[in-house]
K.L.:
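Pasting a structure below so you can have a look.
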Amino acid sequence: MQTTRTFLSAAVLTSSFLLSACANSPTGRQQVLLFSGSEMSQLGAQSFEELKKQEKISSDKKTNAYVQCVANAVTSRLGPQENFSSWEVVVFDSEQVNAFALPGGKIGVYTGLLKVAQNQDQLAAVIGHEIAHVTARHSNERLSRSQIANAGLEFSSLLTEGSEYQGLTMAGLGLGVQYGVMMPYGRAQESESDIIGLRLMAESGFDPKQSVELWKNMAKASGGNQPPELLSTHPSHSTRIADLNAEIARLEANNTPRQNCKM
Ligand SMILES: [Zn+2]
């Protein structure tokens, strides 16, 4: 009886918690967000510091200036952010074909990506897409989901073992710190980032059509002996390209001057 009562009160507590945590993504998708923006920014910043210790940072001036030029053009389009004052861009000297953006305004670009993203517009497509994961709060959403899944596990163990309810809401946060911020996103989040990223790059003065060329290049590169890391989390399937083409057709003309970032 004690167990049932504890279970019920925990369930009620959690469901009211979840109701208060509902939000809408920039494209109107419903999200459950259990963490505050500042908590997520802190997590992102911590993970970024760890990565900077582990990976070799590129000191090549030309490469850094080029990546910075593209990233600046895209981020300056966004305006001030709520939980951090500026975006930090780091170029990692690595053959990995990869890039990411973390809450807290942290952007990482691997030099290996620059062989596949062959011009400023293709690089802007990747950076725009990664930034969209941040502005649409996808890490928060993903981490919240894993929290709820953990809570579900705790509930079932309450029923089967009759153990006491303990520290439910923050269970698994330690795990989230290690894996939550860097894990692959879901399909809905990927499509959403494609759309937001595309609009963002176009409004920043880059050619949105090059996003399609980027994914084609990525698919081509997957045949080599070192398949792109980015492809393991971002499958370049025909749906992705068809969706991008449809969105490009919907884009309205803008009068942003064309960017001129060069290596
Ligand atoms: Zn993505």
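Each ligand, and each atom within it, is numbered from 1 in the order the structure gives.
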K.L.:
Within less than 2.8 Å of the Zn ion (ligand 1), how many protein N/O/S atoms are there?
P.N.:
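If we list every protein N, O or S atom nearer than 2.8 Å to the Zn ion (ligand 1), we get 5.
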K.L.:
Does the side chain of Met201 reach to within under 4.5 Å of the side chain of Arg77, using non-hydrogen atoms?
P.N.:
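No, too far: nothing below the 4.5 Å cut-off.
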K.L.:
So, Lys53 and Glu49, do they make that salt bridge, N to O below 4.0 Å?
P.N.:
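No, Lys53 and Glu49 are not salt-bridged.
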K.L.:
Are any side-chain N or O atoms of Thr27 and backbone N or O atoms of Glu192, one a donor and one an acceptor, separated by less than 3.5 Å?
P.N.:
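Here the side-chain-to-backbone pair does not exist.
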K.L.:
Tell me whether Glu203 contacts the main-chain N or O of Leu200 through its side chain, where contact means a donor paired with an acceptor under 3.5 Å.
P.N.:
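Checked: no pair found.
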K.L.:
Does the side chain of Tyr185 reach to within under 4.5 Å of the side chain of Arg142, using non-hydrogen atoms?
P.N.:
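Tyr185 vs Arg142: side chains touch.
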K.L.:
What's the shortest heavy-atom distance between Ile107 and Thr75, and which atoms?
P.N.:
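Taking every non-hydrogen atom into account, CD1-CG2, 4.0 Å.
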